[in-house]
Amino acid sequence: MTAAEAPAVRSGADRAVGPAVVVGGGISGLLAAWELARAGHRTTLVEATDSLGGCVAPRHLGLPAGESIRLDAGAESFAVRIPAVRELIDELGLGPAVVEPNPAGSWLYLPPAESGSPHRAVPSPRLGLVGIPGDLEAPEVAEALGPAALARARQDLDPARSVERWQRILHGAGPVTVGELVRDRMGDGVLERLVAPVVAGVHSADPDTVDLRTVAPGLLEALVEHGSLSRAVAARRGVAPPGAAVASLHGGMNTLTAALAEELGRLGVRTLTNTRAVSLERGVPGRGAATRGWTVTLAGSAAQTVTAERVVVATDGPRAWDLLAPVSRDALAATDRPPEGAGVALVTLVAEAPGLDGNPRGTGLLVSPSVPGEVVGAKALTHISAKWDWVPRALGAGSGGSRHALRLSYGRVSDAPDSTAPGFRTPDADLLRMAVEDAAALTGVDRSELADGLLDASVVRWRSALPAATPAHRARVGAARAWLEDEPGLDAVGAWVSGTGLAAIVADVRRRIGGTPDAQEG
């Protein structure tokens, strides 16, 4: 069933409901507006920029003969272990467009294994979770760790090693970081060589600051059950749906937000771009703050005041806090406002590069934070044309077979807002030059081949793109959600409250706004 064929109202078919306002036009805002409109709300969507989609938007890059290719400017895939995104895709009639990635897998770029040896690229472990290996006998684990670190990691399998400490933490519900757990069970080698590159590349953070329950829910329980971290990882991965851990759409994930935007038009949602929500107040003007409902003041191209029965704040964390804290009656302290972060930058390169034809590094690489910035400044590289089979055809690879698309990521949440590390603030020209050099170092292709074969490039910057998955942030989100539970008609959605990744975001929005049951993890 397509979205157009689905019932326009999810419950109470002819029930009259009041107006609704959604602040933010990224994936969470688009989905919230769709759910509200289908429930019968007269919905207004407010977006501060001139386009919809947020981090799930398209970017066009030029090709010879005046042609172009549309690639994702942000998120390029979704996790399949939670069914929420696939269910949404099917409802929108996009099911036939679902594609799986090249099973070749990704690689890691690591510091020297011993003094005097070069930095090196090695295949990522095939069975893992947040970089934690689930099979300590796998040859790629041995290659990445080396003999001493592997011997330490295998202590995790010793039946004499107690898990009592983690059982106490589990039952006490105390905070625990990824780094704390991995260091205790498997040692610093696994943490630095396998886990840190994944946490840095995916979550832009340090494993010693990342909350375990946020990025790997259920892993601590599995550790206590199986008595081993590696066995716990294998068990968690073993109950996941068969096939790839991620999937995407032909044409990119941006086709999902485009379909949602089209649906909003069909349902009569009023969309205001270049418009910011600058304040939120209780009640309706002239009726007093005790009146049921909310008043939102807008500025920009559609400056006005709107009232609504329901308001959903679907912005990033700092912007959401700015709107919610003033009406929270001190439940949300100004000092707890989520930090801005330094922002991230994504550089996409399209080039004629025969050296990349054999996909020398699989579908891409995650870079260890221990690799100095002067060696490689990027935190990750995705070989887009190796990962998704529709991309070479869109690039016109039939004309010679050597056109490739690469994407490099710069900047981490841990960077200070005024950081000089490569990232959000680096000028475009410097970032593009650096991207070519980093791509050559990571893939092993000659720099001049990439530079001379470059057809087009783009830089996309995201401020506060990733919330910090720390215990402090988890507590902050808990406080916000607890307060919102007692505020009729008011809610907040988005990555800062749900966690990163489309699967987490979509599941959270549909549960809170659409009223669907809690998503069950694989």
Q: For R310, I'd like to know if atom CZ has over 12 heavy atoms of other residues, nucleotides or ligands within 6.0 Å.
A: yes

Q: Show, in sequence, the C-alpha distance, side-chain angles and deciding distance for L280 and V296, and conclude whether the side chain to side chain contact (heavy atoms under 4.5 Å, CB included) test is met.
A: CA-CA 5 Å; L280 175 67; V296 185; 3.8 Å; yes

Q: Compare all side-chain heavy atoms of L406 with those of L356 and state whether any distance is below 4.5 angstrom.
A: yes

Q: Does a side chain donor of either D72 or N254 reach within less than 3.5 Å of an acceptor in the other side chain?
A: yes

Q: Rounded to the nearest 0.5 Å, how far does CD1 of I89 lie from OG1 of T255?
A: 7.5 Å

Q: Once rounded to the nearest 0.5 Å, what's the spacing between atom CG of L36 and atom CG of L31?
A: 9.5 Å

Q: Regarding R510 and E87, does a basic nitrogen lie under 4.0 Å from an acidic carboxylate oxygen?
A: no

Q: Identify the heavy atoms of A394 and L63 that sit nearest to each other, and give their distance.
A: O-CD1, 3.7 Å

Q: Mind listing the closest non-hydrogen atom pair of M253 and V56 along with its distance?
A: O-CG1, 3.4 Å

Q: Does a side-chain heavy-atom distance below 4.5 Å link T44 with V306?
A: no

Q: So, taking the atom named CH2 in W390 and the one named CD1 in I69, what distance separates them when rounded to the nearest 0.5 Å?
A: 5.5 Å

Q: State, with a plain yes or no, whether a side-chain heavy atom of V376 is found less than 4.5 Å away from one of Y109.
A: yes

Q: Is the closest basic N to carboxylate O distance between R481 and D508 below 4.0 Å?
A: yes

Q: How many angstroms lie between atom CD1 of I27 and atom CG of L260, to the nearest 0.5 angstrom?
A: 5.0 Å

Q: Does the distance from a Lys or Arg side-chain N to an Asp or Glu carboxylate O, for K379 and D438, drop under 4.0 Å?
A: no

Q: Quick one: CG on L92 to OG1 on T257, what's the gap to the nearest 0.5 Å?
A: 10.5 Å

Q: Regarding E485 and R512, does a basic nitrogen lie under 4.0 Å from an acidic carboxylate oxygen?
A: yes

Q: Just wondering, do E47 and T271 contact through their side chains at under 4.5 Å, heavy atoms?
A: no

Q: Cation-pi check for W321 against R337: NZ or CZ below 6.0 Å from the six-membered ring centre and within 45 degrees of the axis, yes or no?
A: no

Q: Indicate yes or no: does R433 engage E437 in a salt bridge with an N to O separation below 4.0 Å.
A: yes

Q: Only pairs at least two apart or in different chains count here, so list each ring-ring contact (aromatic ring centres under 6.0 Å, His included) that has a residue in residues 45-83.
A: none

Q: Once rounded to the nearest 0.5 Å, what's the spacing between atom CG of L45 and atom CG of L30?
A: 6.0 Å

Q: Using every non-hydrogen atom in the two residues, find where A492 and L324 come nearest and quote the distance to one decimal.
A: CB-CD1, 4.0 Å

Q: Looking at side-chain heavy atoms only, is the closest gap between S385 and L395 below 4.5 Å?
A: yes

Q: Can you see whether T275 engages S301 through a side-chain donor-acceptor pair at a distance of less than 3.5 angstrom?
A: yes

